[in-house]
**Student:** 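Just passing along the structure, written as structure tokens.
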Amino acid sequence: MAVSEHIPLERVRNIGIIAHIDAGKTTTTERILYYTGMIHKLGSVDEGNTQMDYMEQEKERGITIVAANTTTYWKNHKVNIIDTPGHVDFTIEVERSLKVLDGAVIVLCATSGVQSQTETVWRQADRYHVPRVAFINKVDRLGADFDRVLGQLRERLGANAAAINFPDAHEDQFKGVIDVVAMKYITYEDADGLKMIVSDVPENLMAKAAAYRHTLVEKVGEADDAIMEKYLNEEAVSPEDLMAGIRRGVLKAKFLPVLSGTALRNRGVQLVLDAVVDYLPSPLDVPPVKAFNPNNKEDVFYRKPDDREPLAALVFKVASDPYVGKLFYTRIYSGVLTAGETLLNATRDKKERVSKLLLMHANKQEIIAKAGAGEIIAVVGLKETKNGDTLCHDSFPAILEGMKVPEPVVSMALEPKTKADQDKLGMILRKFLDEDPSLRVEYDHETSQTIISGMGELHLEIVIDRMRREHGLEANIGRPQVAYKEAITRKVEDVVGKFISQTGGRGQYGHVVIDVEPAERGSGVKFIDKVVGGVIPREFIKSIETGIMSQSKSGILAGYPVTDLVVTLHDGSYHDVDSSDIAFQMAARIALKEGLLKGGSSFQEPIMSVEVACPEEFMGSVIGDLNTRRAKITELGNIGNVKTTRADVPLAEMFNYANALRSLTQGRASFSMEPSYYAQVPNNVAEKIIGARQDYLNSRRK
């Protein structure tokens, strides 16, 4: 199919491939591109020559680091695909991809099953109401068990899941796939899996296929009234009726069709593509996107996926290209975007000119003249736009809802090796901040160091590696540190902050009264203005908020940021002559310090959800070691003959855990780890943190 040919919206699919690391996402995407004719030679993750993993770091490490998108065609449908990372350190790539996608394929390993990051991407898809199909991959691997993984989808993820096909045998005995919707047996004629052979289900598999189909009809019936009626009346359900029922259940996100195969051995991927076009939504099947008027936040309206609607497009990712500069990956929700036109960035109230529109194929580009509703493209030429901004026409301004950005858990100190590199460092980090919303950068005036914070050691390691390779900047690097936070434990009312200075000439006067109280976990710092009667002029309210936010970046215990706090301003006073912006900022800072002191400010540390898999003979040693790391064991289980342990462990205790686990288990264990929540640090540990921080600051001052 010609790329330039117009595809009606009902035949467009915007999908993501999501999974735990090493489940086979990139290999599955590679096979999809091969079977749809977009590439003519299969690449391998191990050999570092896949289309979607194009960064040098991805090729070397065999993992996906940045989400890559491409466009392909299958059975007269246009399929826009985003291949997302599986490593938790790059979870922002999954977050912003799911924000703009209409559907997703969740890939699972038939041996490992539902893993920690599988649960994370599932919750992310839930948050954005993304319908899904599941592909249980690697059914040819040692220890593969399709039914066990299907059970985990129901038990661990709470999915209303049923197989629409299942494998004929596992491991090296795997022969083909049984389609339980059409009741057909599918095998392959060639090693590349290009030629499928469809035949009747063999007699020895009929009873098993009938049992799977009965379960499928029952599970679809739970999500669809029409199928339930036929099920209760014991009427025959035709393949056409069943497919229609599955689609209705998937669109409501109330049913999960499950497929099987092995992407590496080229089996079952075409059936995944069929499921994408048969069951996942087109842009027309997704509810109209919510927007609000930038001039009046209470004026809420909805944009339908229609070229005739006013333009509403969300920039969900910014990336750098060595040839064209910045690429702004954009989902068009309504209207038409044309190259050469001037747009309004409604989020920042700035005019922007679009110089080019590109259709992306991983790191390759195809220039297009215009793009309509439902498309995912890259825009070139924007100057002021950042991640999460909305593009529209100034005659119909609109702002779309942004995305959730996770809080960083690990920080690292950087020092350029030469004075000349200091300015260069700032420029490079600004570029990285534009690209990666989960990265944080701040300057520590006490230590004269630049502090970068991110989602994990690997995240920061990749940032440092990119600085060196892409920009030739070498820096001295401190060892990774836990990103501790401070939070109060109780509400305190009527906290007074006064700043009065008389040093000759005009004085300074600021006086505020605030309440401080703990907020829900992960909510950050919120400022509420409840001043009435003009006791503080309106022009100074912003100064007070600035002072609160500035002070919240450095708590009272050891200078770590404050979080999960609500500050309510309700009283104060001013002086006609002496009051100023700086006076009220200082008064606000004094008040917040006092509030933290009286509110019992305590350390909060990131707790990681850890899953360890190892042979049974090492399980006792593994659990004993976890207990020494202040772990809270939450679950013990089995994957075949391998024992699994799930635990919540403070991040501070998990540095260099890979080497320790290797030593404990003779290299026969594996583990995964992801941020879970923040919790209060025990007093004895808090004292050590404060002492270590003080020693570090003293050493820097010498």
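No experiment lies behind these values; they were computed from the predicted model shown. Count residues from 1 along the sequence.
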**Student:** Rounded to the nearest 0.5 Å, what's the gap from CD on Q666 to CG on L661? Could you check?
**Tutor:** 12.0 Å

**Student:** How about L232: does its CG atom have over 12 heavy atoms from other parts shown lying under 6.0 Å from it?
**Tutor:** yes

**Student:** Should E93 and K317 count as an ion pair when the cut-off is N to O under 4.0 Å?
**Tutor:** yes

**Student:** Would you indicate whether E616, at its atom CD, is surrounded by more than 12 heavy atoms from other residues, nucleotides or ligands within a distance under 6.0 Å?
**Tutor:** no

**Student:** So does E635 pair up with R646, basic N to acidic O under 4.0 Å?
**Tutor:** yes

**Student:** Do R156 and E611 meet the salt-bridge criterion of a basic N to acidic O distance under 4.0 Å?
**Tutor:** yes

**Student:** Please examine the side chains of L271 and I186, heavy atoms only from C-beta on, and report whether any two atoms are closer than 4.5 Å.
**Tutor:** yes

**Student:** Can you tell me how the ring of F166 sits relative to the ring of Y212, calling it parallel under 30°, perpendicular over 60° and tilted otherwise?
**Tutor:** parallel

**Student:** Below 4.0 angstrom, N of the basic side chain to O of the carboxylate: do D126 and R132 qualify?
**Tutor:** yes

**Student:** Under 3.5 Å, is there a donor-acceptor pair between the N266 and Y34 side chains?
**Tutor:** no

**Student:** In plain terms, say whether R267 and D140 are close enough for a salt bridge, that is, a side-chain N and a carboxylate O under 4.0 Å apart.
**Tutor:** no

**Student:** Considering non-hydrogen atoms only, spot the tightest contact between D436 and H459 and give its length.
**Tutor:** OD2-NE2, 2.6 Å

**Student:** Which residue, I246, N165, V220, forms the side chain to side chain contact (heavy atoms under 4.5 Å, CB included) with V181?
**Tutor:** I246

